[in-house]
Amino acid sequence: MGQVIKVALTGASGRVGRVLTEALLGDERFHVVGAVDRVGVGQEIRSGKNNITIEPDLEGIFSRFRPQVMVDFTSAEAARANFRLALAYRVRPVVGTTGFTLADLDEFHSLCETQQIGAIVAPNFAIGAILMMHFASLAARYFNSVEIIELHHDGKKDAPSGTALKTAEIIAHAQAREEGAPNGRESESTPGCRGGCFQGIPIHSVRLPGLVAHQEVIFGGTGQTLSIRHDTTSREAFVPGVVMAIQKVMEINRFVYGLEELMEL
């Protein structure tokens, strides 16, 4: 076994954060030195014989334990500050938080380039979701018409999802679309019923209890349609991707956006 990687997690009380904290606590390749959140402070997260207590002070974790990697699943506002703080302490960020602007991503890229340190931001850490986007990019070469439907739990704060935006970006690149190019949109008798439009691609967002994370990309052509769908039925689906990112971020000194950059696709 290689070097054990010291990890701090932020958003540890969240839906994804708790699953990740438990998984990393039980993985001998990692040493979880801190679990941070604004809620659930003092609560204990256990996995087998290992446990850790949720704390509110991320900088205190950095200064006391000097982790090598920070895993962040919080909110866009919190993650921006956490990213900057991590780099100030030479901690490598692995971020699954969504809702960032293009300006945010540009800032992250610039910070990593200046400090020559690795960081990974990914809209989705489920391996199947990355493959779904990859297959969509292949199909986009042969179908001009496409729409995206993304479905998430009712607690998700941003819409459309980061995965849907990333998928639209990938498809638009494959089709060499112009920014804002129409995709057969017609008048709406009820405004908004055709969804939003990103880089010329309609995106429809659904938020309902009982869902986790789901996305379908539907291509249409003469006499045929093609649907590419991914369903996350448990947040444990994100664990393998996060594990991969933690290991890979130790090997790079640049900013990476999207888990597909780490995979041989």
Compare all side-chain heavy atoms of [X] with those of [Y] and state whether any distance is below 4.5 angstrom.
| X | Y | answer |
| --- | --- | --- |
| Ser234 | Val212 | no |
| Asp37 | Gln43 | no |
| Asn50 | Val32 | no |
| Arg18 | Ile54 | yes |
| His134 | Met263 | no |
| Arg84 | Glu107 | yes |
| Arg254 | Val256 | yes |
| Pro123 | Thr163 | yes |

- Task: Please lay out, stage by stage, how Phe219 and Ile228 fare under the test side chain to side chain contact (heavy atoms under 4.5 Å, CB included).
- Result: CA-CA 8 Å; Phe219 293 90; Ile228 303 172; 4.0 Å; yes
[atom1] of [X] to [atom2] of [Y]: how many Å apart, nearest 0.5 Å?
| X | Y | atom1 | atom2 | value |
| --- | --- | --- | --- | --- |
| Phe30 | Ile246 | CZ | CD1 | 4.5 Å |
| Asp57 | Arg38 | CG | CZ | 14.0 Å |
| Leu262 | Ile120 | CG | CD1 | 4.5 Å |
| His31 | Phe65 | NE2 | CZ | 8.0 Å |
| Leu165 | Ile201 | CG | CD1 | 10.5 Å |
| His214 | Glu150 | NE2 | CD | 10.5 Å |

- Task: Could you tell me whether Glu260 and Lys166 make a salt bridge, using a distance below 4.0 angstrom between a side-chain N and a carboxylate O?
- Result: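 Between Lys166 and Glu260 there is a salt bridge, with a charged N closer than 4.0 Å to a carboxylate O.
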- Message: Do the side chains of Lys157 and Glu77 get close enough for a salt bridge, i.e. N-O under 4.0 angstrom?
- Response: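 No, Lys157 and Glu77 are not salt-bridged.
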Using salt bridge (charged side-chain N to carboxylate O under 4.0 Å, His left out) as the criterion, list what pairs up with [X], not counting sequence neighbours.
| X | value |
| --- | --- |
| Arg229 | Glu216, Asp231 |
| Lys156 | Asp158 |
| Arg90 | none |

Of the non-hydrogen atoms in [X] and [Y], which two are nearest, and what is the gap between them?
| X | Y | answer |
| --- | --- | --- |
| Gln199 | Ala168 | OE1-O, 4.4 Å |
| Glu236 | Pro240 | O-CD, 3.6 Å |
| Ala164 | Ile148 | O-CD1, 3.8 Å |
| Leu9 | Leu24 | CD2-CD1, 3.9 Å |

- Message: Are more than 12 heavy atoms, taken from residues, nucleotides or ligands other than Leu102, located less than 6.0 Å from that residue's CG atom?
- Response: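 No.
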- Message: Just checking Glu251: does its CD atom have more than 12 heavy atoms from other residues, nucleotides or ligands closer to it than 6.0 angstrom?
- Response: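 Atom CD in Glu251 is packed in, count exceeds 12.
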Name each donor-acceptor pair under 3.5 Å that joins a side chain in residues 110-119 to protein atoms two or more places apart or in another chain, with its distance.
from: Thr114; atom 1: OG1; to: Ser110; atom 2: O; distance (Å): 2.9
from: Gln116; atom 1: NE2; to: Glu113; atom 2: O; distance (Å): 3.0

- Evaluate side chain to side chain contact (heavy atoms under 4.5 Å, CB included) for Val16 paired with Phe125, printing each intermediate quantity in order. CA-CA 11 Å; Val16 178; Phe125 279 94; over 6 Å; no
- Between Ser13 (side chain) and Val39 (backbone), is there a donor-acceptor pair under 3.5 Å?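 A pair under 3.5 Å: yes.
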- Got a donor-acceptor contact below 3.5 angstrom from the Asn82 side chain to the Ala78 backbone?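 At least one qualifying donor-acceptor pair exists.
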- Query: Is a side-chain donor-acceptor pair under 3.5 Å present for Glu147 with His204?
  - Reply: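 Indeed, the side chains of His204 and Glu147 share at least one donor-acceptor pair under 3.5 Å.
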- Message: For Gln215 and Thr167, which I'm curious about, is there any donor-acceptor pair between the side chains at under 3.5 Å?
- Response: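 Gln215 vs Thr167: donor-acceptor pair found between side chains.
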- Partner of Arg80 under side-chain hydrogen bond (donor to acceptor under 3.5 Å, both in side chains), chosen from Thr97, Asp72, Asp104: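 The option that passes is Asp104.
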- Message: The criterion is side-chain contact (heavy atoms from CB on, under 4.5 Å); which residues satisfy it with Val36, sequence neighbours excluded?
- Response: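 So Val36 forms a side-chain contact (heavy atoms from CB on, under 4.5 Å) with Thr10, Leu58, Ile61.
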- Item | Verdict with reasoning, Asn124 to Phe238, per side chain to side chain contact (heavy atoms under 4.5 Å, CB included) | CA-CA 8 Å; Asn124 201 313; Phe238 304 128; 3.6 Å; yes
- Among all residues two or more places apart in sequence or in another chain, which pass the ring pair (Phe, Tyr, Trp, His ring centres under 6.0 Å) test with Tyr89?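 Tyr89: ring pair (Phe, Tyr, Trp, His ring centres under 6.0 Å) contacts with Phe62.
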- Query: Leu259 and Ile127: side chain to side chain contact (heavy atoms under 4.5 Å, CB included), yes or no, with the steps?
  - Reply: CA-CA 8 Å; Leu259 198 63; Ile127 301 299; 4.0 Å; yes
- Hey, do the aromatic rings of Phe108 and Phe100 have their centres closer than 6.0 Å?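 For Phe108 and Phe100, the ring centres are under 6.0 Å apart.
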